[in-house]
Number of protein chains: 2
Amino acid sequence: MHFESIIKQIKARREDLQVTQVMLADLSGVSLRALKQFESGKGNPTLETLSKLAGAMGMEVRLQVKIPQVK
Amino acid sequence: MHFESIIKQIKARREDLQVTQVMLADLSGVSLRALKQFESGKGNPTLETLSKLAGAMGMEVRLQVKIPQVK
DNA sequence: ACAAAAAGTGCTTTATAATACTCTTTTTAG
DNA sequence: CTAAAAAGAGTATTATAAAGCACTTTTTGT
């Protein structure tokens, strides 16, 4: 599975807000280890974990119908 | 955590497509048990599981900056 | 109303996410 | 350059998601 775009979004948002991993872990209630694991591309977080991280940065997890990509 | 809206979206999409849980489990490669668990509101799926379910129905998991709700 | 299909539950096992340390590597300010 | 901060990694433990099975309940079409 490739979660690169979601990972990138989390990192980009965090950096935009000038929040460190330690701060985000603290704010979100997610362990620092799990956050590091996820941001470094090694993770498969639960929806709860992802929601906590997103929520702490004013984002939310959504489902969207895929736009057909014309190749 | 309350994932009601995501659960509703999955169920609604599945019903729109006239796909049963058995069919979706099969198509997505997610176990029937995990799908039932999630749709019945008892689950906390991993991002991989949620992505598989969404993907099989032409949807994708996305993060979105929350729109401030005026109460 | 009833039979069939679909949805949901109980139980167990296995796999792995989350956690909590410690330690190393990389990035950043000064 | 280099000290401090931040990011990433190793290991162990605990919690729980995923899976597979059988079984029950609910929904549906006739």
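We use all heavy atoms of the structure for the numbers below, so side chains are in, but hydrogens, waters and symmetry mates are not. Lettering of chains follows the sequences in order, A, B, ..., and the numbering in each one begins at 1.
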query: Under 4.0 angstrom, heavy atoms only, what part of the nucleic acid is A:Gly41 near: base, sugar-phosphate, or nothing?
result: nothing

message: I'd like to compare against my own output: the B/S/- annotation of nucleotides 7-13 of chain D with a strict under-4.0 Å heavy-atom distance to protein.
response: BBBBB--

task: Using a 4.5 Å cut-off on heavy atoms from C-beta on, say whether the side chain of A:Leu24 contacts that of A:Leu53.
output: yes

message: Rounding to an integer number of Å, can you tell me how far A:Glu48 CD sits from D:dA18 C1'?
response: 17 Å

task: For the helix from C:dA1-D:dT30 to C:dG30-D:dC1, figure out the bend between the end axes, five pairs an end, and round to 10 degrees.
output: 80°

task: Might you work through the salt bridge (Lys or Arg N to Asp or Glu O under 4.0 Å) test for B:Lys52 and B:Glu48, ending with a clear yes or no?
output: CA-CA 6 Å; B:Lys52 283 180 181 173; B:Glu48 180 172 3; 3.7 Å; yes

field: Sub-4.5 Å side-chain heavy-atom contact between B:Phe38 and B:Ile6
entry: yes

- prompt: When rounded to the nearest 0.5 angstrom, what is the spacing between CE in B:Met57 and CG in B:Leu17?
  reply: 6.5 Å

Whole-Å distance separating the CZ atom of A:Phe38 from the P atom of C:dA18: 10 Å

field: For the student: nearest non-hydrogen atoms of B:Ala25 and B:Ser31, plus distance
entry: CB-C, 4.2 Å

statement: Separation of C:dA17 atom C1' from B:Leu50 atom CG, nearest Å, is 16 Å

Between A:Arg13 and A:Gln9: side-chain donor-acceptor atoms closer than 3.5 Å: no

statement: Rounded to whole Å, the CD-P distance (B:Gln18 to C:dA6) equals 11 Å

task: Please tell me if the side chains of A:Lys36 and A:Lys42 come closer than 4.5 Å, counting only heavy atoms from C-beta onward.
output: no

field: Side-chain N,O (B:Thr46) to OP1/OP2 (D:dA17) below 4.0 Å
entry: no

field: A:Asn44 CG - C:dA15 C1' separation (whole Å)
entry: 12 Å

task: For B:Leu53 and D:dA17, give me the distance from atom CG to atom P, rounded to whole Å.
output: 15 Å

statement: Contact string for nucleotides 25-30 of chain D, one letter per nucleotide 5' to 3', B = base within protein heavy-atom range under 4.0 Å, S = sugar-phosphate only, - = neither, reads ------

- prompt: Is B:His2 close to B:Glu4 at the side-chain level, that is, under 4.5 Å between some pair of heavy atoms?
  reply: yes

query: Within this structure, what is the CG-to-P distance between B:Leu35 and C:dA6, rounded to whole angstrom?
result: 14 Å

- request: Write down the atom of B:Gln21, the atom of B:Glu39, and the distance for their closest heavy-atom approach.
  value: NE2-OE1, 3.2 Å

query: Got more than 12 heavy atoms from elsewhere within 6.0 Å of NZ, B:Lys8?
result: no

- line: Residues A:Gly41 and A:Ile7: closest non-hydrogen pair is CA-CD1, 3.7 Å

message: Is there a side-chain contact between A:Ser31 and the phosphate of C:dT19, meaning an N or O under 4.0 Å from OP1 or OP2?
response: yes

